[in-house]
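Since the structure comes first, as structure tokens, the remarks are kept for the end.
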Number of protein chains: 2
Amino acid sequence: MNIVIIGAGAAGLTTASNIRKYDKESQIIVFTTQKNVAYSPCAIPYVIGGHIDSFDDIIMHKPGEYMRKNIRIMTETKVVQINNDITELVYEDKDGNKQNLKYDKLVIATGGKPFAPPIPGKDLQGVFKVRTVEDGQQILNYLDNVENAVLVGGGAIGLELGTELAHRGLNVTIAEMVPQLFPRSFDKEMSDKFQEYLESKGVTVFTGSAVESINGETKVESVTIDGVERPADLVILSTGVRPQTELAESIGCKMGKFAIEVNDHMETSVENVYAVGDCVQVVDAITGDITLSPLGTTAVRQGIILAKHLTGHDISFKPVLNSTVSQIGQMEMGAVGLTQQAAEKAGIDVVVSEIDTLSRARYYPGSKPLHIKLVSKLDGTIIGCQMFGQEAVAEKVDTMSVIILQKLKCDEVVSMEFSYAPPVSMVVDPIAQAAEDCLEQLEKLSPKVTEEVSEAEDVEATPEEEVEETSEEKAEETVSEDEESFTQYLRNQGLIE
Amino acid sequence: MNIVIIGAGAAGLTTASNIRKYDKESQIIVFTTQKNVAYSPCAIPYVIGGHIDSFDDIIMHKPGEYMRKNIRIMTETKVVQINNDITELVYEDKDGNKQNLKYDKLVIATGGKPFAPPIPGKDLQGVFKVRTVEDGQQILNYLDNVENAVLVGGGAIGLELGTELAHRGLNVTIAEMVPQLFPRSFDKEMSDKFQEYLESKGVTVFTGSAVESINGETKVESVTIDGVERPADLVILSTGVRPQTELAESIGCKMGKFAIEVNDHMETSVENVYAVGDCVQVVDAITGDITLSPLGTTAVRQGIILAKHLTGHDISFKPVLNSTVSQIGQMEMGAVGLTQQAAEKAGIDVVVSEIDTLSRARYYPGSKPLHIKLVSKLDGTIIGCQMFGQEAVAEKVDTMSVIILQKLKCDEVVSMEFSYAPPVSMVVDPIAQAAEDCLEQLEKLSPKVTEEVSEAEDVEATPEEEVEETSEEKAEETVSEDEESFTQYLRNQGLIE
């Protein structure tokens, strides 16, 4: 069988490698317009910032390594046409030579393309997007005489890259059109903390602010933000990606609201044509709505699942929670499921809890602050979690992912088992603490909320009725009398004679 | 209402505080024979080792702080008799004064007592148990002229304390009767790694070895292990605890196989008498067998659940996985669910996977090795996990706890969402990697295993049949010909003309 994969990002290459794991026979050919493959785009900010030595470090495999697994990777080669009725495509190499190729199965893993907002001046020298290793290398090469950098877009990559550039000593400005940073994953009061942290590192942050123009003769000299011109000699468009669906569209693959429509086996509407990665749309696990999931982890999972499907294994791609984690400087932030604002927008009534806690036992040296926000439906089902701290955030987000996917309720999390040793955790896990807090919020809303909770409230009234001798006043009195002899106290309370 | 709690450990005090959260009226009185309350016994090794400055640091609250919440704590006071038919108990203070006290609800949280194996010489000066802050302080006071320390028992406390004493410069020997360290939570090949690590820190480890006698005139001078006398001036019995059930037995609370029998609301067989913590037995979540769970986290959960139950909330204590985590030096190890040996002992057929992976992206500086072992039933349900590494172990064990409690299967974990950013995690999470490896083990066993797996295997055969032009030899040939021109290659494969 001849399997052709268009795109050598996380989705395409994972598909290729995983098919080969089970199928030693088929031809597997992967096309990419890029020079490098098998690198982590998420790592680009950290190379630019110097935390990782070079771009070579983030390239995990060379095309030749795939060849040894009998996977042929065609770099700097573009698929220019697909004639699906005769299952043949036309590709063009970097020298403009065209060639036809037959296939039996076609996998479209064309990914996303950086979205460049229509800002005047966006084509000036010194304006970069940040998607590929080549983009990253260009930014790095350009940094020598740069003093003032502006990031257009305050999502994960904008914040990470902004922090890394500030770490290199640049004056950094981040401008985000939405009135908060990282709006896809966090509520405003959470991202306000990230903003404070960035500002403490010397980064200037504008939210709810458009970069109206990028100014300069041939190269960037300034940007205009909210009508004010500000110096800039480097502008990076970190405004996200848009699904790249032209090839799929050209052969009649059904398009959904946002991208290529696939089923849970990554099959498109066209027989023997599959799609994976940033170019497909997915289902939100909580709302059931169609959404996008432009995450490396999603791409990898889809690649694994498609490969298993193509080699006869029964496994499905599940709706997503879009769990996210990011590190800016010492701050680690993560989120999974719906934010409060997303829930409210989706018409879901929620309660939230926000707690300040610690990553390890309070008295253990090195214990770090951890802030958690939980979002729960009124029946107690947890549907979202956001947190930031200095350690353990990614892992706790993962625990929350399982909790949310399994539709667990606050009370189930309160009674759930967590591991404990003072050097590494708290005796009541932060997640259980947050769930307990959420449970208390829910109980305050009772009896109008859930059956259990209202029952609980009813019974809760009982002790009050039972207590005969003890008035509230007496109890209060006692509290202030630490010194009182205990025998006297007991006598007063009528407990002894 | 008069609520009396016997025992001021994690279970007793958590019960008290949580009752008070919902019930401002009732009298709450807690008895303890100890001087200190509200400390973490698990932290004692780290104070002895000097990682935590003093025992004061691990005492979280003084009795007076409870008094301000109107919780009366009677320290150094022993409940000597309970006359449950007249709901009255007799307590005795440190001066021998006895007093009677009425109660409405009685909570038995008497905990465990250190088990002292019947070793000749165990009462010599210089032999300690390690359970309370007072024990810890006595050990610390005794350390001045100690050169050779012997730990009897190689469970968590033995390993932690052994490592901490070695960290202080002592010659440390750990002797464990069972042929491996930490046998309750880990399989031998895992604990062999801990042993190697301890030995690399200069600790001498004997497994499958009994301490036959502790020798000396008035104080410890040596121990005899496997017939050989070895110098020792400090011996610590870290041989675990046994449930302390005498008071409960005295009033006819039904005893189970190991300890006090309670239902999932922590009610004993005697009306208005409850029990929580190390003195009760629990149910194993996987086997359904009766077991013990002498863990701080279990005690705390039981206290919360009892308090909620007593104040009218509907929440149940669930069967346990006994999830465990420990840190010895730089090594963090954790486990949850059944070990392979426990599963086999319980007659459960399993497959296991063991993988060596990393805590963060491979290329990110600071990424640490992580070793994971998964235990899965033949239908793919994961029932146990053990791991060790240098970070993230506790949190990953918690994720595994939810996975195991929810009875998820390997394929569900493979398709499960994990968060990713290179500085903090891997693009394919270690847990998903281990699940994939386990899935492959399962598939190797097919078709005799599960239906899905055998189906998958059947279909997997298909590609082979479909590939006509490509023999295995041809594929192999190709692999070795990296240099071959791609056009030639395609032509050879019949893909182009």
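Letters go in sequence order (proteins before strands), and every chain restarts at 1. The figures that follow rest on heavy atoms only: side chains count, while hydrogens, waters and symmetry mates do not. Model, not experiment: these values are computed from the prediction.
If you measure heavy-atom distances from Leu321(B) to chain A, the contacts under 4.5 Å come from both the backbone and the side chain. With a threshold of 4.5 angstrom between heavy atoms, Leu405(B) approaches chain A through side-chain atoms but not through N, CA, C or O. Of the two parts of Val300(B), only the side chain, counted from C-beta on, holds a non-hydrogen atom closer than 4.5 Å to a non-hydrogen atom of chain A. In this structure, the portions of Ser415(B) lying under 4.5 Å from any heavy atom of chain A include both its backbone and its side chain. With a 4.5 Å cut-off on non-hydrogen atoms, Val413(B) does not touch chain A at all. Both the backbone and the side chain of Ala43(B) come within less than 4.5 Å of a heavy atom in chain A. Of the two parts of Gln302(B), neither the backbone nor the side chain holds a non-hydrogen atom closer than 4.5 Å to a non-hydrogen atom of chain A. Looking at Ser316(B), the atoms closer than 4.5 Å to chain A (heavy atoms on both sides) all sit in the backbone: N, CA, C or O. For Asp429(B), the part lying near chain A is the side chain, with the backbone staying farther off; criterion is any non-hydrogen pair under 4.5 Å.
Heavy-atom pairs under 4.5 Å with chain A peak, among Val397(B), Ile58(B), Ile304(B), at Ile58(B). Per-residue counts of heavy-atom pairs under 4.5 Å with chain A were compared for Val336(B), Ile71(B), Asn322(B); the largest is that of Asn322(B). With chain B as the partner, the residue from Pro45(A), Ala394(A), Ser326(A), Ala299(A) showing the most heavy-atom pairs under 4.5 Å is Ala394(A). Contact tally against chain A (heavy-atom pairs below 4.5 Å) for Glu440(B), Lys318(B), Met400(B), Glu160(B): the top residue is Glu440(B). The residue among Met426(B), Gln327(B), Lys396(B) with the most heavy atom pairs within less than 4.5 Å of chain A is Gln327(B). Per-residue heavy-atom pair counts under 4.5 Å with chain A were compared for Leu295(B), Leu408(B), Ile403(B), and the maximum is reached by Leu408(B).
A donor-acceptor distance shorter than 3.5 angstrom exists from the side chain of Glu417(A) to the backbone of Ser323(B), with no hydrogens or angles considered. Using a distance-only test at 3.5 Å, with no hydrogens or angles considered, no donor-acceptor pair links the side chain of Arg301(A) to the main chain of Phe418(B). Side-chain atoms of Arg362(A) come within 3.5 Å of backbone N or O of Met60(B) as a donor-acceptor pair.
Counting only N and O atoms by type, the side chains of Tyr420(A) and Thr324(B) include no donor and acceptor under 3.5 Å apart. Using modelled atom types, one finds a donor on one side chain and an acceptor on the other under 3.5 Å when comparing Asp398(A) with Ser419(B).
The shortest side-chain heavy-atom distance between Glu443(B) and His313(A) falls under the 4.5 Å cut-off. For the pair Glu395(A)/Val393(B), no side-chain contact is recorded, criterion being any heavy-atom separation below 4.5 Å from C-beta on. In this structure the side chain of Val427(A) never reaches within 4.5 angstrom of the side chain of Ser40(B), judged on heavy atoms. Between Val428(A) and Thr14(B) there is no side-chain heavy-atom pair separated by less than 4.5 Å. A heavy-atom distance below 4.5 Å is not found between the side chains of Glu391(B) and Glu391(A). A heavy-atom distance below 4.5 Å is not found between the side chains of Glu412(A) and Ile315(B).
Between Tyr364(B) and Tyr46(A), the ring planes are perpendicular. Angles over 60° get that label, and only those under 30° would be called parallel.
Taking CD of Glu436(B) as the reference point, atom NZ of Lys308(A) lies at 3.5 Å (rounded to 0.5 Å).
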